[in-house]
Each structure stands twice: as C-alpha cells, then as structure tokens.
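The structure appears right after this line, and notes come after that.
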2 protein chains.
Amino acid sequence: MRPENIHVTASAAPPGPQHEDCRGVASVLSRVGDKWSVLVIMLLIDGPRRFNELKRMINGISQRMLTLTLRGLERDGLVTRTVYPTIPPRVDYELTDLGRGLAEPVKALGQWAFAHLPEIEGARGRFDARKEE
Amino acid sequence: MRPENIHVTASAAPPGPQHEDCRGVASVLSRVGDKWSVLVIMLLIDGPRRFNELKRMINGISQRMLTLTLRGLERDGLVTRTVYPTIPPRVDYELTDLGRGLAEPVKALGQWAFAHLPEIEGARGRFDARKEE
DNA sequence: CTGTATCCGACGTGATACTG
DNA sequence: CAGTATCACGTCGGATACAG
C-alpha cells in the first residue's frame, strides 16, 4: 500500500477530494485481503497458538510467510507475541482485543462470501465461457 | 490466489481439515484486499459511472489498472458493463445487486478500520520505534 | 472516449540452508 | 522449536504507444 492519492472512505460524487485517512483504511483492508492474515486470525480466535502449531494447521504456508504474516499482525497490534525462554524455545501468539474486534467484521465478510460463492462462481463461469468464443 | 490447502472458513482447533470452499472464499477476500476494487465499488454505490469519470475520481490509478479492476468485478458478477455505441463511445459501469450486497460488509469493515486507525497506527509506531533500537 | 498491447522494473513468495 | 538469510522466479503495476 503506497498509493499517493485516493478520495474515498464512503464518499462519492465529482465534488472533490476528501481526506487521506483512506490510505490508512486501505492498509487495513489489504491486510484482510492478505490470504494468510485472515486465516491466522481465524485460527487464533479460540485461544493462543504456537508457531509450528499454526504452521501445521494451515498446511501450505511456508515458514517464511508465516513469520512475515505474524510480524505484520503483531506490528498492527492485532496479535501479541510472548516468548518463553525455555529450551527448546516456545512462542505463543494470541489475539489482542483489537484483533478480536477485527475478527468480527471479517467473519461477516467471510460469511457473505461463503453464502454467495455459487453466484460468483456462476458469474465467472459465464464470463469465461463467453470470452473463448 | 492459488494456494492448495487451507482449513478454515470459521472453523479452528486441531481436529482436522475442513472443506475447500475456503479457496473460493479466499478469492473473494482477496478482491476486498485489492486496493482498487473496493474503491471502485464504493464509488459506484450511488449510481452508474463512466470509465473516465471513475478514472478522474480515483486519481492515481492507471488506465490499465482501472480496466483490469473493472474486468475483474464484471467477471465476478459485481458490476455490469453497458456500452453505448455512440461516437465517441460511452461505457457505463453499475453495481449489480450482488455488488451492492458485497458493499455492505465491506462498508462495515471500512468503518471498523476507520474507527480503529489511531490504535493501529499507534501500534505500528511503537513497534517500529522499538526495532530501531 | 475507451480500451488493448508491449516493455520493464519492483515486489511477493517459495525453497533451501543456516543460527540461537 | 522458532526464526533469519539468501536466491531465484513469477506476477503485478506503471508508463507508453497505438487502435476502434
């Protein structure tokens, strides 16, 4: 997210530019669009998880991506990272209140998506079919 | 969006894999994460718009990206594209019922993001500050 | 006006190897 | 176990030029 000018948030019409809080909003939206972030949030909803625990649950994510995803979530204050200096080391990730708050609208969106999947996939099919003559 | 295995949707816990509708859900979520798509949807909420009208309203989007974004939305059945074979040509884009439906949870998410921007940016600032010693 | 085609650099992502 | 570092590759996105 590094666009320069955007003019929305819930506005419209030709009148003119609005604010630039949109950039911030956009950065949050893109986190939702991020494949792994949403997944991780969902998995953390009912309690803290360890690193490899998450890795196994997701199946298909690389170590690298999981690390980056968790860092991003931590940076945004959505999850906490607590290290137990035992050996072997143990790190727990847990949703913050903020994270749990975000989970709600995200779930709503997910449910909408799930409910309308047939329509969307149908539309895609028709669109694609029409294009290849 | 071409991951292979994901195990969520609203689930959790170690139990086991779920379905693979998640891939579909993920594809919808990534559309929301897409910077431009959400913007365009918001702009179309109160009526149809022409191509260049959208282009001007967004300011910063390239012609290419606007075209691609609109194609994507059209493909998913979220917007309709109607061509008036006048000269010069005129093309209107309008939200479908499905598109308007999607706009709702998206707005909810946008409002949450807007409301919690301060917290998030604060968290980011603290996180970044801590890292550079 | 509304696109499509091409070039090209920037970034995201997975695979792999190595460290505390 | 929980990361970091490096590399190689593919895609995304902007700029530009051109077409209907």
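Lettering follows sequence order; numbering is per chain, from 1.
Across dG14(C), dA2(D), dG3(C), the shortest atom-to-atom separation from the side chain of N52(A) is found for dA2(D). Distance from the side chain of T67(A) is smallest to dG3(D) among dG13(D), dG14(C), dG3(D). Nearest nucleotide to the side chain of P89(A), out of dT4(D), dG3(C), dC1(D): dC1(D). Closest to the Q63(B) side chain, of the nucleotides dG14(C), dG3(C), dG14(D), is dG3(C). The side chain of R50(B) lies closest to dT2(C), out of dG14(D), dA2(D), dT2(C).
The distance from atom CD1 of I61(B) to atom C1' of dA15(D) is 14 Å, rounded to the nearest whole Å. In this structure, R64(B) places its CZ atom 16 Å from C1' of dC18(D), rounding to the nearest Å. Straight-line distance from the CD1 atom of I87(B) to the C1' atom of dA19(D): 14 Å, rounded to whole Å. If you measure from atom CG of D34(A) to atom C1' of dC12(D), you get 15 Å, rounded to the nearest angstrom. At whole-Å resolution of the value, CE in M65(A) and C1' in dT6(D) are 14 Å apart. Regarding L66(A), its CG atom lies at a distance of 14 Å from the C1' atom of dT4(D), rounded to whole Å. One interatomic measurement links the two molecules: CG of L68(A) to P of dA5(D), which rounds to 11 Å at whole-angstrom precision. Between R49(B) atom CZ and dC1(C) atom P the separation is 16 Å, expressed in whole Å.
Between R71(B) and the phosphate of dG3(C), there is a side-chain N or O to OP1/OP2 separation shorter than 4.0 Å. Proximity of R81(B) to the phosphate of dT2(C): no side-chain N or O atom is located under 4.0 Å from OP1 or OP2.
Between R90(A) and D92(A) there is a salt bridge, since at least one side-chain N of the basic residue sits less than 4.0 Å from a carboxylate O of the acidic one.
A 4.5 Å side-chain heavy-atom check between I120(B) and V28(A) finds at least one atom pair inside the cut-off.
Using a 4.0 Å heavy-atom cutoff across all strands shown, Y93(A) reaches sugar-phosphate atoms only and no base atom.
Separation of atoms CG (L98(B)) and NE2 (H116(A)) is listed at 6.5 Å; rounding is to 0.5 Å.
When hydrophobic clusters are built by joining Ile, Leu, Val, Met, Phe, Trp and Tyr residues whose side-chain heavy atoms come closer than 4.5 Å, directly or via intermediates, Y84(B) is not grouped with I87(B).
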Exercise for the section: Decide side-chain contact (heavy atoms from CB on, under 4.5 Å) for I41(A) and V79(A); before the verdict, give the C-alpha distance in whole Å, the side-chain angles of both, and the deciding distance to 0.1 Å. Expected result: CA-CA 8 Å; I41(A) 289 177; V79(A) 310; 5.5 Å; no
